[in-house]
Amino acid sequence: MSKPVYALVDCNNFYVSCERLFRPDLRQRPVVVLSNNDGCVVSRSNEAKALGIAMGVPLFQIQDAIRNHGIEVFSSNYALYADLSDRVMNTLAAAVPAIERYSIDESFLEVSCLSGTAGQEDDLQQWAVELKAQVLQHTGIPVSIGLAPSKTLAKLANWASKRWPRTGGVVDLRDPVRQRKLLALAPVEQVWGVGRRLAQRLRLMGIEQASDLASYDQRLLKRSFNSVLQRTARELAGEACFPLEDGPERKKIIASTRSFSSRIYQQTGLAEAITLYTSRAAEKLRGQQSLCQVLHLFIRTGVYDGSQAQRHQITLELPYPTADTRDLVQQALQGLSRIYQPGIGYAKAGVILMELIEPGQYTPDMFKPQPRPGSDQVMTVMDQINHYQGRGSLRLGRLPANPAWRMRQAFKSPAYTTQWKDLPRVR
DNA sequence: TCTGGGGTCCTAGGACCC
DNA sequence: TCTGGGGTCCTAGGACCC
């Protein structure tokens, strides 16, 4: 069995690249995409990065820069991004036997089986260059590729391919000598699994660069932190500890939480929002064929509202495992009436479905409340109608078509690829 | 005025049991 | 005066990821 080789394929500035696909006039220009509610910057073009626009910065803090530099701003358009993501991933999946879709814009590929087919050492590197060109040709989305004997090193190789444009977007890190060079250049917080807090603690121990972490005493790492960081260090040293995950697994919890476009004071407004979020979560639940046993509900004030920040929450056991929107909404609204307090301006609410099981794992109990007859059929029809007619076409009566608290999306592009009415026109 | 959302994993600490 | 030890389960909270 030969050593594994992982390729990490990552879409460059993915959301911005999606927006540019149908707006060629935006190439070479500073572009940013915002989070839900037009809150923060979550994707930036290279030109926007060069202007000093930071990841995660709130929109209102960069209004001057937007005006002065003519930065193009977009609300997030998840229908578009999800569709283009599927196209990229399909191209990748067709090229290799094993792929792990890690996020909307990244996949790990296991490519050791492709190496040495022509008996040359640089086969794989050339293969990656061609794959990158193929994705661009099929989808119009630019990607970067890192090759390495572990996932953590592949992530670092990918980082290097973006950090140094001269690499052409492909970095091959199979050679141990090159590994050592890059590890010495990479700050420890660039390592996959090392965030801000961990980096702080590591620096106190004199671990500044990725190379310091790779060569640190592993037992000490396990004792001072945990076994995950220990494995990360081994991965940096070239040993594969995190295998390719075959999935997608069933989710263990399903959440739908959202900030409101403006504060909600009345229980009726909160009830509308809770109904929507619960309906969304229930759709996801049925999408993975699970039943839910426990529902957690929270409402909270803004985290930036000062000292009187409040969070009210409740965890509810359902009378029987269910995926019926009506059951879940009924429970959630009962929960709401128990935690709602008048006179408070709520900024955000959320529903989290927990203790998910498969239908076969559940034995009905004739002495307990019984599920609604025909629930499966009703929900199936509802999901089908919403699939073909657009989300929210068929919904519970409590939900207005256009509620006052609805998410702010002032800069949204058309759903070019998923709505007939938004199909681009060629003149 | 305006600061995202959805996940997973790990640990610490308490309750409880034998 | 001297007051065990180990295992399991649960929960809350923290850290990380994109």
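Naming: A, B, ... by sequence-line order, numbering from 1 per chain. No experiment lies behind these values; they were computed from the predicted model shown.
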Checking all strands, does [X] fall into the base, sugar-phosphate, or nothing category for heavy-atom contacts under 4.0 angstrom?
{"X": "A/V41", "answer": "nothing"}
{"X": "A/L34", "answer": "nothing"}
{"X": "A/V194", "answer": "sugar-phosphate"}

Going by the ring-ring contact (aromatic ring centres under 6.0 Å, His included) test, which pairs reach into residues 214-248 of chain A, not counting sequence neighbours? none
Applying a 3.5 Å limit to both distances, which nucleotide forms a Watson-Crick or G-U wobble pair with B/dC18? C/dG5
side-chain contact (heavy atoms from CB on, under 4.5 Å) partner of A/R258, chosen from A/N36, A/L276, A/V351: A/N36
Base versus backbone protein contacts along nucleotides 2-14 of chain B [heavy-atom cut-off under 4.0 Å; B, S, -]: BBSSSSBSSS---
Determine the interatomic distance between C1' on C/dC17 and the same-named atom on B/dG4; round to the nearest Å. 15 Å
Testing the 3.5 Å rule here: is there a donor-acceptor pair between the side chains of A/D324 and A/T322? no
Do A/S144 and A/D10 get their side chains close enough for a donor-acceptor pair, meaning under 3.5 Å? no
Does A/K252 come within less than 4.0 Å of A/E355, counting only side-chain N to carboxylate O? no
Between A/R101 and A/E106, is there a salt bridge with N-O shorter than 4.0 Å? no
